[in-house]
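Structure, as structure tokens:
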There are 2 protein chains.
Amino acid sequence: MASPNRRFKDAIYEQFARIGKAIAAPKRLELLDLLCQGPRTVEALAEQASISVASASQHLQVLRAAHLVEAEKKGTYVECRLADREVCDFYVSLRRLSEARLAEVRQVTGAFLTERGAMEVVEADELVRRVRDGEVTLLDVRPSEEYRAGHIPGALSVPLGELEKRLAELPRGRELVAYCRGPYCVMSIEAVALLRKKGVAARRMGEGVVDWRARGLRVERGPAGGARKRGEPARPSR
Amino acid sequence: MASPNRRFKDAIYEQFARIGKAIAAPKRLELLDLLCQGPRTVEALAEQASISVASASQHLQVLRAAHLVEAEKKGTYVECRLADREVCDFYVSLRRLSEARLAEVRQVTGAFLTERGAMEVVEADELVRRVRDGEVTLLDVRPSEEYRAGHIPGALSVPLGELEKRLAELPRGRELVAYCRGPYCVMSIEAVALLRKKGVAARRMGEGVVDWRARGLRVERGPAGGARKRGEPARPSR
DNA sequence: CAAGTATTCAAGCGTTCGATTGAATATGAG
DNA sequence: CTCATATTCAATCGAACGCTTGAATACTTG
């Protein structure tokens, strides 16, 4: 026993399992999800994932040990980011697989969405065409740093917290569609709820920037340059 | 604390982590790898992964609980198979990510291959063209059940154990390229070593059927119908 | 019906994991 | 230099994991 072949295979599968172990904890997945939206400090990650800073630090060390995440000192802060675009793609494929294979995911999501009264969801398939044709206005309701790190071309940056006082800025005449970090992020749900309460028609897109890019569509970087010219289309690339 | 949003997110990420936990153990990954080649009984899986039957049974239950694997009673045996094509794709993307991110994988593989003197590896990019043009003969050296479950079009089924006594059958005049389960399977290495010892020029392709399919190329099913007509090409589909 | 075989179940044991706590380290500001 | 802040380290504890062993279950075959 313990032939060279066996030892080789054991070594290889043990390496593969390093990635597996890294994504075996719910909180680490939540951290990865957040990091897919853009770099963040340890503190910000801890707060957004509702865990202690020490706990976040430990989880991030596991992710770094698996070479999924990189960290860089920036002054007093440590900025964490995904090690590679590929990590984000892998996370998305895990999410997709979970949705496909685990009935619980669909069930929990469905129950939550109906409870929130957020039934109407725009399919991205439909949206791609309508955004290109300039039929809808996309609202990116994530924090502005995340918008800067990457957003759907043509989208307006209106962070959820500022939405109420910036209602007047919103362009009229075209349908509003809000999106946020992804299908399991609640910001766009709350944005749509707020808009409706104010009498503004709006719908929610479940997919986020990450899904948009996974479709091979172009993603734009850079600051929120105020209102975008009306007719500017968001063309798919690649 | 424990807002509805938080509880929803915790529930969702916990579901995602079910898949993560399922692929967090090296032996479960090895079982998945084997199952990517085709269905197998618990006993066969245990033997091929070098673990006890009870241990294999337990791992398979974990994989089944994550809905990655399905089992069906067939007489006295229980036949296990991947729940979906998508699971195989996910496994391949994990493997790819490991190769990309973990230097240890590349290092361990490199060391093993040089030790085995199996330096020359045919790149599949090159091979796609040459197989199509009928310049090479592909040898599938896996067990014949796996060939039947899916093989590269045009490949000859010559299981490693039968290779020596079937040397005479091998077509002459074209280069021989052996493949097996994938880059970390040793059967094609041993096949090439044997062929060379017998004075037959041959090379190894690291990729397996799974990688072939991941490239969007056609995979053929069905029994090993003896020697295939010479000129029959293996065309990519899709 | 009985015997044999394939698989699963149940319990035990050592190891690893994840969260908490409090202390330690490092960096920039005053 | 000292202080405040951000992050990591170290130790601890309960829970979960993975493997082993031996018994139990289910199914086919004679």
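In what follows, chains carry the letters A, B, and so on, assigned in the order in which the sequence lines appear, proteins first and then strands, with residues in each chain numbered from 1. Because the structure is predicted, anything quoted here is derived from the model rather than measured.
- In this structure, A:Gln61 and A:Tyr77 both approach DNA chain D, and ranking their closest nucleotides by distance from the 5' end singles out A:Tyr77.
- Put simply, CG on A:Leu63 is 10 Å from P on C:dG18, counting in whole angstrom units.
- A:Arg6 has a carboxylate O that lies under 4.0 Å from a charged side-chain N of B:Glu30, or vice versa, which qualifies the two as a salt bridge.
- The aromatic rings of B:Phe8 and A:Phe112 lie parallel to each other, with less than 30° between the two planes, well short of the 60° mark.
- Atom-to-atom, CG of A:Leu45 to C1' of D:dT8 comes out at 15 Å; the value is rounded to the nearest Å.
- Counting any heavy atom pair closer than 4.0 Å across all strands shown, A:Arg40 reaches no nucleic acid atom.
- Salt-bridge check for B:Arg181 with B:Glu146: passed, with a basic side-chain N closer than 4.0 Å to an acidic carboxylate O.
- Picking from C:dT7, D:dT8, C:dA26 the nucleotide with the shortest atom distance to the side chain of B:Glu43 gives C:dT7.
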Under 4.0 Å protein heavy-atom contacts per nucleotide of nucleotides 15-25 of chain D, with B for base, S for backbone only and - for none: --SSBBB----

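- A:Glu47 has its CD atom 13 Å from the P atom of D:dT7, to the nearest Å.
- In terms of the salt bridge (charged side-chain N to carboxylate O under 4.0 Å, His left out) criterion, residue partners of A:Arg101 (sequence neighbours excluded) are, by chain and number, B:Glu70, B:Asp84.
- In this structure, a donor-acceptor pair under 3.5 Å is absent between the side chains of A:Tyr91 and A:Glu86.
- The aromatic rings of B:Tyr147 and B:His151 sit parallel, their planes meeting at an angle under 30°, below the 60° perpendicular limit.
- A:Tyr13 and B:Asp33 share a donor-acceptor pair across their side chains, judged by distance under 3.5 Å alone.
- At whole-Å resolution of the value, NZ in B:Lys74 and C1' in D:dA26 are 18 Å apart.
- In this structure, the helix from C:dC1-D:dG30 to C:dG30-D:dC1 shows an angle of 30° between the axis at its start and the axis at its end, each fitted on 5 base pairs and rounded to 10°.
- Considering only side-chain atoms of B:Ser57, the nucleotide from D:dA6, C:dT27, C:dT7 that sits closest is C:dT7.
- Between the P atom of D:dT7 and the CD atom of A:Glu72 lies a distance of 13 Å, rounded to the nearest Å.
- Contact annotation: B:Arg64 side-chain N/O to C:dT8 OP1/OP2 distance is under 4.0 Å.
- Ion pair B:Lys73/B:Glu79 not flagged as a salt bridge, since none of the NZ, NE, NH1 or NH2 atoms sits closer than 4.0 Å to an Asp/Glu carboxylate oxygen.
- Electrostatic pairing of B:Glu104 and A:Arg18 counts as a salt bridge here, judged by a charged N lying under 4.0 Å from a carboxylate O.
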